[in-house]
Peer 1: 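Okay, here's the structure, questions in a sec.
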Amino acid sequence: MILPIAGLLLGIIIGVAFPISVPIAYAKFMSVALLASLDSVFGGLRAGIEEKFDNTVFITGFFTNALLAAGLVYIGERLGIDLYYVALLAFGLRIFQNLAIIRRYFLKK
Amino acid sequence: MPIKQGQVAIAAVCVVLGVMLAVQFRTTQDIKASVPFQRIEDLSQQLSKVEKEREALLSEVHALRSSTSSETYNRELQQVKIKAGLVPLQGPGIIVSIDDSKRPTKPGENPNLYLIHDDDILKVINELRAAGAEAISINGQRLIASSEIRCAGPTLSVNNTRYSPPYEISAIGEPQTLESSLKLRGGVVETLQFWGIQVTIKRPETVKIPAYKGAITFQYAKPEEEAKKQ
C-alpha cells in the first residue's frame with residue numbers, strides 16, 4: 001500500500017515542480033483522461049487485492065483507457081454530441097464500484 | 001498488506017496519475033483566472049457595434065456641417081411650427097364626442113352635476129396627453145401651450161372662442177393607447193358616464209387637426225438674452 005501512495009506523491013511533486021501546462025481548449029480532454037487513469041488505478045488495486053493482477057492488462061488498460069476517453073470526447077465535440085458526460089458517468093460509476101469492492105475486502109480482514 | 005500483486009506497476013502508474021493531477025490542477029486554476037471566452041466575444045462584438053455607431057454619427061455630423069445652414073434652419077423651423085400648433089396635422093388617432101346628460105334631474109338634485117364642466121374636458125385632455133397624444137383640438141380649435149379651457153356661462157371657452165355642447169375632442173396618437181387610456185376602469189369615461197354624460201369614442205382612419213388660427217403675441221414676456229441687453 002505504501003508503494004502506490006509514494007508513487008502518487010512523487011508524481012504530484014514532479015507535476016508541481018515542472019511547469020507543464022495544457023492549453024485551456026484541451027482541458028476537457030485532459031480531465032476525461034485523468035478520470036480514466038483514476039479508474040484504471042482503482043481497477044488495478046482491486047485486481048491486486050483479488051489476486052487476479054496481470055501486468056500487461058493493467059498497463060495497456062491504463063493507456064488505452066485514457067487515450068480512448070480523450071479521443072471519444074474529441075470526436076463527440078466534432079459531431080456535436082456531448083460524449084464528455086458519457087465518459088464522465090461511465091468512469092465515475094466504475095470508480096465507485098471498484099472502491100466499494102476494495103472497501104469490502106478491507107472490512108473482511 | 002492486502003495488495004498482493006502488481007505493487008510496482010500500480011506505483012508506476014500512480015506516478016503518471018500524479019503528474020496528470022498536478023497538471024490538471026494548474027490548468028483549472030488558469031481557467032478560473034482567465035476571462036471566459038464568451039465574455040471576450042461579447043465585449044468585442046459590443047465594441048465593434050459601438051465603433052460603427054460612432055462612425056455613423058461622425059459622418060452625420062460632417063453631413064450636417066457641410067450642408068447649407070439654411071436647410072437645417074428650415075427643418076428646425078418646421079419642427080418648431082409643428083410643436084407650436086401653426087401647421088395643420090393629420091394622422092391616426094381618436095375623436096371623443098362628449099354631450100350633456102339626457103337623464104332627467106330628480107327634484108332636489110343639483111342639475112349642475114349632469115352638465116359638462118371645464119374640468120371634465122380638462123381631465124380628458126390630460127389623460128390624452130399622458131397617453132402620448134401629439135396634437136389635440138376641441139371643436140376644431142387647436143390646443144396650444146397658451147390655450148385655455150374654461151366655463152363661460154353655459155358654454156366652454158377655448159382659445160377665446162365659445163362653444164356649446166356637444167364637444168368633439170380630436171387627438172392624434174396611437175389610437176389603441178389613447179382609447180384605452182380613457183376607458184380605464186375608474187377612469188375618466190367611467191366617471192363621466194356615472195353622471196349620465198354621453199361619451200363616444202371613434203377611431204377614424206385619419207384624424208385631421210387644424211392649425212391654431214389666432215395670433216401669437218407676447219406683450220410682457222421677452223427672451224432672456226434681449227432683456228439683459230436693455
Side-chain angles (χ1 to χ4, degrees), chain A residues 1-59 61-63 65-66 102 105-109, chain B residues 1-65 132 174 176-177 180:
Chain A
M1 201 59 207
I2 299 156
L3 218 55
I5 291 172
L8 191 67
L9 285 176
L10 182 71
I12 289 174
I13 288 163
I14 292 171
V16 170
F18 290 89
I20 320 160
S21 182
V22 178
I24 288 166
Y26 298 121
K28 218 174 178 183
F29 309 134
M30 186 69 185
S31 62
V32 173
L34 180 66
L35 204 65
S37 5
L38 210 60
D39 169 57
S40 293
V41 169
F42 276 113
L45 283 175
R46 177 192 158 190
I49 288 165
E50 286 178 341
E51 296 178 32
K52 287 191 291 191
F53 191 84
D54 187 331
N55 224 339
T56 33
V57 169
F58 177 66
I59 298 290
F62 175 80
F63 288 108
N65 264 1
I102 292 166
Y105 270 99
F106 269 102
L107 287 176
K108 239 185 243 173
K109 259 188 74 182
Chain B
M1 196 51 100
I3 304 163
K4 283 140 193 151
Q5 297 168 318
Q7 284 231 28
V8 181
I10 291 174
V13 163
C14 272
V15 173
V16 179
L17 187 71
V19 173
M20 281 170 90
L21 265 174
V23 169
Q24 182 67 14
F25 186 74
R26 189 181 296 127
T27 315
T28 319
Q29 291 292 98
D30 285 354
I31 289 172
K32 272 182 193 154
S34 65
V35 184
F37 187 63
Q38 189 98 29
R39 180 96 182 119
I40 295 170
E41 237 176 24
D42 274 3
L43 284 176
S44 61
Q45 253 176 16
Q46 270 179 28
L47 181 68
S48 68
K49 205 169 126 191
V50 170
E51 269 176 353
K52 265 183 204 159
E53 252 178 50
R54 192 194 62 166
E55 270 164 34
L57 286 174
L58 266 180
S59 63
E60 202 180 309
V61 167
H62 279 302
L64 284 175
R65 274 196 191 138
E174 160 63 38
Q176 186 61 49
T177 317
S180 40

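So that the names make sense, note that chain A is the first sequence line, chain B the second, and so on, each numbered from 1.
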Peer 1: Within residues 18-25 of chain B, which residues come under 4.5 Å of chain A, heavy atom to heavy atom?
Peer 2: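 B:Gly18, B:Val19, B:Met20, B:Leu21, B:Ala22, B:Val23, B:Gln24 fall under the 4.5 Å cut-off.
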
Peer 1: In Å and rounded to the nearest 0.5 Å, what is the CD1 to CG distance from A:Ile12 to B:Leu17?
Peer 2: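 Answer rounded to 0.5 Å: 8.0 Å.
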
Peer 1: Below 4.5 Å, heavy-atom pairs only: which of A:Pro19, A:Ala27, A:Gly11, A:Ala17 has the largest tally toward chain B?
Peer 2: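 The answer is A:Gly11.
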
Peer 1: Checking heavy atoms, do the side chain of A:Phe62, its backbone, both or neither come under 4.5 Å from chain B?
Peer 2: side chain

Peer 1: Could you have a look at A:Leu10, A:Asn55, A:Val41, A:Leu34 and say which one has the most heavy-atom pairs with chain B under 4.5 angstrom?
Peer 2: A:Leu34

Peer 1: Looking at every heavy atom in both B:Cys14 and A:Pro4, which two are closest together, and how far apart are they?
Peer 2: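 Between these two residues, the closest heavy atoms are CB-O, 3.5 Å.
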
Peer 1: Tell me, side chain or backbone of A:Ile5 under 4.5 Å from chain B's heavy atoms, or both, or neither?
Peer 2: neither

Peer 1: For A:Phe42, which residues count as a ring pair (Phe, Tyr, Trp, His ring centres under 6.0 Å) partner, sequence neighbours excluded?
Peer 2: none

Peer 1: Which atom pairs, donor and acceptor, lie under 3.5 Å between side-chain atoms of residues 37-54 of chain B and protein residues at least two apart or in another chain?
Peer 2:
residue, atom, partner, partner atom, Å
B:Ser44, OG, B:Ile40, O, 3.2
B:Ser44, OG, B:Glu41, O, 2.8
B:Ser48, OG, B:Gln45, O, 2.9

Peer 1: Which heavy atom of B:Ala9 sits nearest a heavy atom of A:Phe53, and at what distance?
Peer 2: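 Here B:Ala9 and A:Phe53 meet closest at CB-CZ, 3.9 Å.
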
Peer 1: Under 4.5 Å from any heavy atom of chain B, what part of A:Tyr26 do you find: side chain, backbone, both or neither?
Peer 2: neither

Peer 1: Using every non-hydrogen atom in the two residues, find where B:Val15 and A:Ile14 come nearest and quote the distance to one decimal.
Peer 2: CG1-CD1, 4.3 Å

Peer 1: So which part of A:Ala6 gets closer than 4.5 Å to some heavy atom of chain B, the side chain, the backbone, both or neither?
Peer 2: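 Interface part for A:Ala6: neither.
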
Peer 1: Only counting residues at least two apart or in another chain, list the ones meeting side-chain contact (heavy atoms from CB on, under 4.5 Å) with A:Phe63.
Peer 2: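 For A:Phe63 the side-chain contact (heavy atoms from CB on, under 4.5 Å) partners, ignoring immediate neighbours, are A:Ile59.
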
